[in-house]
Amino acid sequence: MIDDFIINALLAGIAVALVAGPLGCVVVWRRMAYFGDTLAHSALLGVALAVSFELAPIIGVVFIGILLAALLFWLEQRRELSSDTLLGILSHSALALGLIVFSYIQLRVPGIDLMAYLFGDILAVSTDEIVWMFAGTVFILALYAGLWRPLLTISVNEDMARTDGVRVALVRFLFMLQLAMVIAAAIKVVGILLITALLIIPAASARGFSSTPVQMALLSAGLAVTAVVVGLGASLYQDIPAGPAIVVAAALGFFLTRLPRLRY
Amino acid sequence: MNTVDSEVLLSATGLGYAVRGVEILHAVDIELRRGEILTLIGPNGAGKTSLVRILLGLKEASCGSVHIRPGVQIGYVPQKLHIDPVLPLRVRDFLVTAGRFKQERLLQVLQEVHSAHLLSASVHTLSGGEFQRVLLARALLHQPDVLVLDEPAQGVDIIGQQALYRTIKHIRDRHACGVLMVSHDLHLVMASTDQVVCLNKHICCTGHPDDVSGHPEYLKIFGQAMEGLAPYSHHHDHSHDAHGNVVPLERDNQAVADDR
């Protein structure tokens, strides 16, 4: 018999994988991997603030995400430093600040576990949370589908999109919101430090087998779900931590796709 | 084509643009009429791309104003469009980033640039010339009144460039749109342009290509570069199509007639 907590873990993982795959494609197309990583690192600060104000973590994560994007936008106005340098500064200072705020929370809320946030705690997902995760998945996927054409157009060329009448800044902002929401949901599954892997590895694996953007997004979702199932399975049988096992499963899949015989 | 009396689609007066105190454009006036091909030439760093971006509303001028006739649709082919190979994209997928269009419409615009066979090809396997034609086709989807082409012939060999400029001219003839083109080589665009604006931060000279190529301001900028590069002016008894096949001259005209 399979225990409830395993079913819950599987459902939570699948809910997150279904959005992480397609969103990850846009992250890869727009070279936003480092931005995603920065957003993920800042999520700890968001969680810590949400807990201290007794709000849902997702509110804190999205709020900090918006703040971070605004800060990045402002810093990029003076073109002395490239955006990867700026992201490196923001990413690590946000994580450090998050760790400090979290240390205060730990004094007030006994039993709150830093490791669960950093590396995920998928086996502790409650049924309530799963309902929320699937509702979130449906919402984000609907938004993603609605934004599909403008997202693709700005991935090809932002100037061309602008002259087509696409409101580029709005589309970018909405995509950033979706990313922040996925990150908030994925904290439980793989943890803050490993979320980017779930976004970019399935997308990168899917590239070699796709000739259209739609194919790549669908295949990426499928590969992300597979990584969750395989990683969770390995974690149960070998008693290894679930979050890292999922990421390693995704990475193994990626290296398999690099084998020359499998590619066409 | 007589363009003097036709409507002004796009105009700018007194445009100035400066970045951190460095002047890029100074007192630029420009006017594009329906049915006219206007070529903007100038050396690197002359502010050609800045001017185009200001006209398109992608950049804000420091002073001056741009006026676009109400209801005018603009089709744009940007300079150096590089599609990252990580994005799997067929020509068909690329075209529909411009909007929801039926397959017949996609084929129609591809036919106008003699590239219907490319519909299902990956954009990553196209040659420079093929890619520029696909960009042109995408710009045609919304039936533009104004086509803005920033260096449309880059990455295209000389024969291909001549064919491409011919295609652009035919598009102008068929759709009676205005074409604003950026180029750095006057000799190649000469045959297919009505008006040349020579830009070097300010407008040095403007007029018919034959007049401009003899203008002292033009020679001051381009004269030295032209020494030892005397243009070899001659006629061909045949031409080449987009695939490099030998075709009789005026084949493009014939093809346009056939399309109808």
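Chain identifiers are assigned alphabetically (A, B, ...) following the order of the sequence lines, protein sequences preceding nucleic acid strands; residue numbering begins at 1 within each chain.
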task: Determine the interplanar angle of the B/His142 and B/Phe101 rings, folded into 0 to 90°, and report it as parallel if under 30°, tilted if 30 to 60°, perpendicular if over 60°.
output: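 The arrangement is perpendicular - the two ring planes meet at more than 60°.
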field: Largest heavy-atom contact set with chain A, pairs under 4.5 Å, which of B/Ser122, B/Gly57, B/Ala98, B/Gly99
entry: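 Ranked by heavy-atom pairs under 4.5 Å with chain A, first place is B/Gly99.
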- request: Name the option with the most non-hydrogen atom pairs under 4.5 Å to chain A; the candidates are B/Thr97, B/Val123, B/Asp84.
  value: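 The option with the most such pairs is B/Thr97.
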A/Asp159 versus chain B, the contacting section by heavy-atom distance below 4.5 Å: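 Both parts, heavy atoms under 4.5 Å.
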query: salt bridge (charged side-chain N to carboxylate O under 4.0 Å, His left out) between B/Asp93 and A/Arg149: does it pass, once the steps are laid out?
result: CA-CA 10 Å; B/Asp93 307 313; A/Arg149 194 191 307 278; over 6 Å; no
Atom group of [X] that falls short of 4.5 Å from chain A, counting heavy atoms:
X: B/Arg100; answer: both
X: B/Val77; answer: neither
X: B/Leu89; answer: both
X: B/His82; answer: backbone
X: B/Leu58; answer: side chain

task: Step through the shown structure and confirm whether more than 12 heavy atoms of other residues, nucleotides or ligands are within 6.0 Å of NE2 on B/His175.
output: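 Count over threshold, so yes.
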- prompt: Between the side chains of A/Ser211 and B/Arg90, does any donor sit under 3.5 Å from an acceptor?
  reply: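 No - no donor-acceptor pair under 3.5 Å links their side chains.
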- request: Answer with yes or no whether the side chains of B/Arg92 and B/Gln103 bring together a donor and an acceptor at under 3.5 Å.
  value: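 Per modelled atom types, B/Gln103 and B/Arg92 side chains form a pair under 3.5 Å.
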task: Over all heavy atoms of both residues, which pair between B/Glu31 and B/Leu38 is shortest? Give the atoms and the distance, please.
output: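 So the two residues come closest at O-CD1, 3.3 Å.
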